[in-house]
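All remarks here apply to the structure that follows.
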Amino acid sequence: MLDTIGNVLSFSLYEGLVFGFVAIGIYLTFRVLGFPDLTVDGSFTLGAAITGVLIVIGVNPFLATLAAFGVGLCAGLATSLLNTKLRIPALLAGILMMVALYSINLRVMGGANVSLLREVTIFDQVFEWLGLGADVWYAELILAGALVVIVFLILNWFLRTEIGLALRATGDNEQMVRGLGADTDMTTILGVSISNGLVALAGAVVAQGQGFADVGMGIGMIVMGLASVIIGEALFRPRGVARLLLAVIGGTFVYRLMITIALRLGMAPGDLKLITALLVIIALAIPYIQKKVRRQWLPPAAKW
Amino acid sequence: MGENKGLLQLREITKVFSRGTIDEIRALDNIEMDLNAEDYIAIIGSNGAGKTTLLNVIAGVYPPERGGKIIINGRDISGLSEYKCAQYVGRVYQDPHIGTAAKMAVEDNLAMALLRGKPRGLRAASNKQRRDLFRSALTPLGLGLENRLNALVGTLSGGQRQALALVMATISKPALLLLDEHIATLDPKTAQIVLELTEMIVKREKMTTMMITHNMELALRYGNRLIMMHKGRIVVDMNQEQKSNLTVNDLIVAFERASGEAFDDDSILLRRD
Ligand SMILES: Nc1ncnc2c1ncn2[C@@H]1O[C@H](COP(=O)(O)OP(=O)(O)OP(=O)(O)O)[C@@H](O)[C@H]1O
Ligand SMILES: [Mg+2]
């Protein structure tokens with residue numbers, strides 16, 4: 001019994017950490033920039049595909065993981081260029097890239113999936129360095145945790161720099177930012193690129209953890225990431241850059257915990273996306289209903 | 001640049017909206033204007049006269065028609081994008097929501113404003129030295145904002161926000177300050193406070209200023225020059241001497257003579273109050 005609880009917790013913690021990247025990426029676009037970026041479903045798989053293929057042809061797994069971050073950046077760059085330079089609405093630009101990436105991912109992998117079962121991944125490398133067996137329960141946590149700490153520290157620093165501040169301000173009041181002499185096209189491009197880089201990084205780590213990359217593995221990432229962000233915000237009510245980032249990671253953990261428990265209780269894996277969608281709807285509806293009950297004024301829903 | 005007559009020169013500034021349609025409108029019609037350093041110009045004119053369009057063109061929101069030239073400090077900035085023009089031009093809008101970012105702290109707003117015209121890099125946006133600078137910029141307002149650097153701007157009142165917007169527009173000392181009916185949405189008492197703050201900052205920083213207002217008395221009382229616009233043209237241009245003994249009624253007569261139209265008081269084109 002205790003063993004099961006320990007299992008569920010450590011597994012959720014691991015997933016909370018790796019999918020935390022996706023949530024942080026989604027948080028950067030949807031919340032910080034106010035840019036509803038749907039590229040994510042495609043760039044997650046892109047990161048997995050690139051890393052998978054590179055590892056299979058013998059590239060060092062760390063380099064392959066870094067490469068995933070790089071191509072993710074490029075995917076985000078493409079989406080944000082469509083938006084800022086061709087003035088295609090953000091939502092549509094993201095959908096276009098997501099669809100295009102589906103074909104690209106198939107091309108990259110030369111099929112629907114790539115197996116990494118016999119390959120040396122970053123996990124194998126780290127286990128070897130630490131002299132740990134893969135059966136030690138915290139083995140995977142160490143790597144995932146280290147990656148999250150690195151990303152957290154970098155972002156926490158970056159978002160407080162002069163450029164990072166301009167990026168945050170862009171999501172709040174774009175006209176003001178231009179009026180104060182900062183190029184909002186540049187900040188948008190930067191933010192959307194970094195976001196997709198992180199999402200692709202998550203894809204790369206997840207693929208190595210599960211031993212394969214699959215063309216369908218990114219489906220639903222946006223909703224999952226949004227669910228994590230919303231749960232994190234609701235539970236922790238954070239203020240300030242550092243707390244927000246931590247809340248997003250915490251939200252991912254809680255979300256993953258709920259999913260893992262649902263699965264253990266015998267729910268069919270195919271139903272999870274429906275559950276997630278319902279979760280997001282409920283989380284979004286609660287503040288609305290609260291305001292409605294208190295008879296507060298409510299603006300009409302945003303169309304984005 | 002050779003002889004540099006003034007701070008701002010506008011040459012053949014025309015702006016046509018919806019060209020080639022039945023809605024075609026000549027919002028600015030061949031505007032020529034010279035501003036000297038430390039000029040403080042009040043701009044009045046009926047609704048749709050082109051006042052906001054003039055400021056938008058100067059601020060680079062959209063370019064003037066071909067042939068138009070905007071020269072600031074000897075530099076031709078016509079055709080530069082808005083964020084590039086911003087290094088020369090600080091601006092306060094009618095709506096305090098436009099000039100400030102609600103979901104960010106007072107400190108963050110000021111840090112954004114401080115870097116106008118400077119390259120933004122990977123240094124920390126805010127540090128002790130900058131916070132001290134922000135406090136000393138906010139203290140003269142007398143609104144207690146210097147003790148609320150961490151407050152979200154969305155929690156400030158409209159007047160406090162507009163005062164902050166004014167500080168943000170001037171803190172990096174741009175060459176030109178543009179004010180577009182910046183006290184129009186405030187209650188009379190707050191409007192008076194923000195107006196006095198404007199006066200104080202403009203005098204102290206010796207800023208060249210263009211202020212749009214619908215209040216004719218204000219236009220007579222403040223500034224060293226008064227411009228009246230009508231249908232995209234400048235129809236009256238008075239210096240300090242010419243406007244010093246004028247009353248609102250004289251101004252209305254001047255408007256009627258210059259525009260060839262009767263002054264329509266009912267439509268509150270130019271408010272007397
Ligand atoms: N972006 C735009 N597109 C089309 N027409 C415009 C645009 N901006 C302004 N106009 C038109 O140009 C004319 C001048 O407008 P402007 O906003 O400059 O007037 P204004 O003098 O500021 O008036 P008000 O006192 O009402 O603010 C108006 O007829 C307006 O309809
Ligand atoms: Mg106007």
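- Atom CZ of R204(B) is surrounded by more than 12 heavy atoms from other residues, nucleotides or ligands within 6.0 Å.
- Judged as a side-chain hydrogen bond (donor to acceptor under 3.5 Å, both in side chains), the pairs with a partner in residues 62-71 of chain A (not counting sequence neighbours) are, in order, T65(A)-Q208(A).
- Annotation: R243(A), atom CZ; neighbour count of heavy atoms from other residues, nucleotides and ligands within 6.0 Å does not exceed 12.
- Note that CG of L165(A) and OG of S126(B) are 8.5 Å apart. Values are rounded to the nearest 0.5 Å.
- Heavy atoms of other residues, nucleotides or ligands lying less than 6.0 angstrom from NZ of K128(B) number 12 at most.
- Heavy atoms from other residues, nucleotides or ligands lying under 6.0 Å from NZ of K118(B) number more than 12.
- Between the CG atom of L180(A) and the CD atom of Q87(B) there is a distance of 13.0 Å, given to the nearest 0.5 Å.
- Within the 4.5 angstrom heavy-atom criterion, only backbone atoms of P119(B) (N, CA, C, O) approach chain A.
- Summarising the local packing, CD of E24(B) is surrounded by more than 12 heavy atoms from other residues, nucleotides or ligands at distances under 6.0 Å.
- A distance-only check finds a donor-acceptor pair linking the side chain of R116(B) to the backbone of G179(A) [under 3.5 Å].
- Proximity to chain B (any heavy atom under 4.5 Å) is restricted, for R239(A), to the side chain, taken from C-beta onward.
- Heavy-atom minimum distance, R120(B) versus A182(A): NE-CB, 3.5 Å.
- Here the side chains of R168(A) and K103(B) are not in contact, with every heavy-atom distance at 4.5 Å or above.
- Chosen from R123(B), E82(B), R91(B), the residue pairing most often with chain A at heavy-atom distances under 4.5 Å is R123(B).
- Counting all heavy atoms, side chain and backbone alike, M112(B) lies closest to A166(A) at SD-CA, 3.6 Å.
- Proximity to chain A (any heavy atom under 4.5 Å) is shown, for A59(B), by neither the backbone nor the side chain.
- Other residues, nucleotides and ligands place more than 12 heavy atoms under 6.0 Å from the CZ atom of F17(B).
- Side-chain contact check for N173(A) versus M104(B): every heavy-atom pair is 4.5 Å or farther apart.
- Q175(A) is listed as a side-chain neighbour of Y93(B), based on a closest heavy-atom distance under 4.5 Å.
- Residues L122(B) and F158(A) are in side-chain contact: their nearest non-hydrogen atoms beyond the backbone lie under 4.5 Å apart.
- Contact between D172(A) and A102(B) at its shortest, heavy atoms only, is OD2-N, 3.5 Å.
- Judged by distance alone, with hydrogens and angles left aside, the side-chain atoms of E162(A) form a donor-acceptor pair with the main-chain N or O of G121(B) at under 3.5 Å.
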